[in-house]
Amino acid sequence: MSYKLFIPGPVAVSEKTLRAMAQPMIGHRSTDFVALYQSIQPDLQALLYTQDPVYISTSSSWGIMEGAVRNVTAKKVLNCMNGAFSDKWNDVALRCGKEATALKFEWGQPVDPEAVRRELATGAYDSITLIHNETSCGCMSDLPALMAVIRQFPDVISIVDAVSSFSAMAIKKDELGIDVFITGSQKALALPPGLSLLSPSKRALERAAKIAGRGYYFDFIEFQKNHENGMTPSTPVIPLIYALKSKLEDIKAEGFEARYARHLRLNRAVRDFVFGKGFRLFPQEAYGSVSLNCFANTQNIDLGALNKILKSKHKLVIDGGYGKIKGKTFRISNMGDETDETIASLLRSLESALAETPKLAS
Ligand SMILES: *Cc1c(COP(=O)(O)O)cnc(C)c1O
């Protein structure tokens, strides 16, 4: 059962990372833990381009995506929706008992800054959720343009999900004025799932302090109190923190700019190859993601058959489309530790597998 994942999360994890996890446990209230926690803070802040604290949550990203809505929304949240994850965030806000508005765009279309401006100008909102890179349809919205609009509404706390773009490109939290920055471990960081990162602005913490019903596990104020002592509120997933430390060392060694350039180069290599096979991108091309490509199945091939061939003969897996666009699209991740060699090898496999993949009767 050994095959390589080219799905957009979880992605393949390196031997080095796996080895980093296999270390003896330490107490989460010990000086050893505090030293571990504090040693990675500067590197995390550098990678988020922020002076704000970066908390470590033992949860997948949804934990803090839900928690963020509960921590900063008193009045009403505006949910910008253009794919499966952002659609779901509206559902999650409603399940938390929050007043929420669904600002909907077609899947694959970016979030429109002018539509956001019109909605925020009603004065109804005190928070907004935004997904930078909609992984379900490979669509990356224009974050600088969106943040330029949101910054004009000082009562609105911005919650930005950078789960599948973080560390694949520069996202300058402080410069953009992002209040609550959210990311997870199993996407471009190429760690196993189970850990997420949360960085709140001072404004976001001030808001949270005044809000009732924050709960405990994702309470920003609990995170902050513990952060000041180099700890997490509850027992964290220590093996993944070891892995995170190891990964941050790798990222520093490669260099941020080289890492971003690698993601862009590999993304375009996959895109060009698949275009050459007669497919096109599902989202508007100018808003295609840098960490994955979501292609429209314009050749009407049997994606189930393609994935079977890839898995059995080539020991790799791509994604056959998410949710309502399953079968109509396919996604190939280039995030994490991929190299020119691993992507070249993927494309050779794809070349061979596509040649044997039947078309669907239309
Ligand atoms: C993967 C992903 C999530 C959800 O992450 P979980 O780890 O499953 O909680 C949320 N948003 C985006 C954009 C994602 O790619």
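Both counts, for ligands and for their atoms, begin at 1 and track the order of listing. In this chain, numbering begins with 1 at the start of the sequence shown.
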Give, for atom [atom1] of [X] and atom [atom2] of [Y], the distance between the pair rounded to the nearest 0.5 Å.
X      : Y      : atom1 : atom2 : value
Lys315 : Ser345 : NZ    : OG    : 13.5 Å
Arg262 : Asn267 : CZ    : CG    : 12.5 Å
Ile178 : Thr50  : CD1   : OG1   : 9.0 Å

Going by atom types alone, do Ser201 and Asp179 pair a side-chain donor with an acceptor below 3.5 Å?
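Judged by distance alone, the side chains do pair up.
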Do Ser291 and Asn133 meet the criterion of a side-chain donor-acceptor pair at a distance under 3.5 Å?
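Yes, side-chain donor-acceptor contact under 3.5 Å.
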For a side-chain hydrogen bond (donor to acceptor under 3.5 Å, both in side chains) check, start with the C-alpha distance between Asp87 and Trp107, then their side-chain angles and the critical distance, and finish with the verdict.
CA-CA 10 Å; Asp87 284 5; Trp107 281 31; 3.0 Å; yes
So what's ligand 1 close to, N/O to N/O, under 3.5 Å?
from     : atom 1 : to     : atom 2 : distance (Å)
ligand 1 : 7 (O)  : Ser61  : N      : 3.4
ligand 1 : 7 (O)  : Gln186 : NE2    : 2.7
ligand 1 : 9 (O)  : Ser60  : OG     : 2.5
ligand 1 : 9 (O)  : Ser61  : N      : 3.1
ligand 1 : 9 (O)  : Trp62  : N      : 2.9
ligand 1 : 11 (N) : Asp161 : OD2    : 2.6
ligand 1 : 15 (O) : Thr135 : OG1    : 2.4
ligand 1 : 15 (O) : Lys187 : NZ     : 2.6

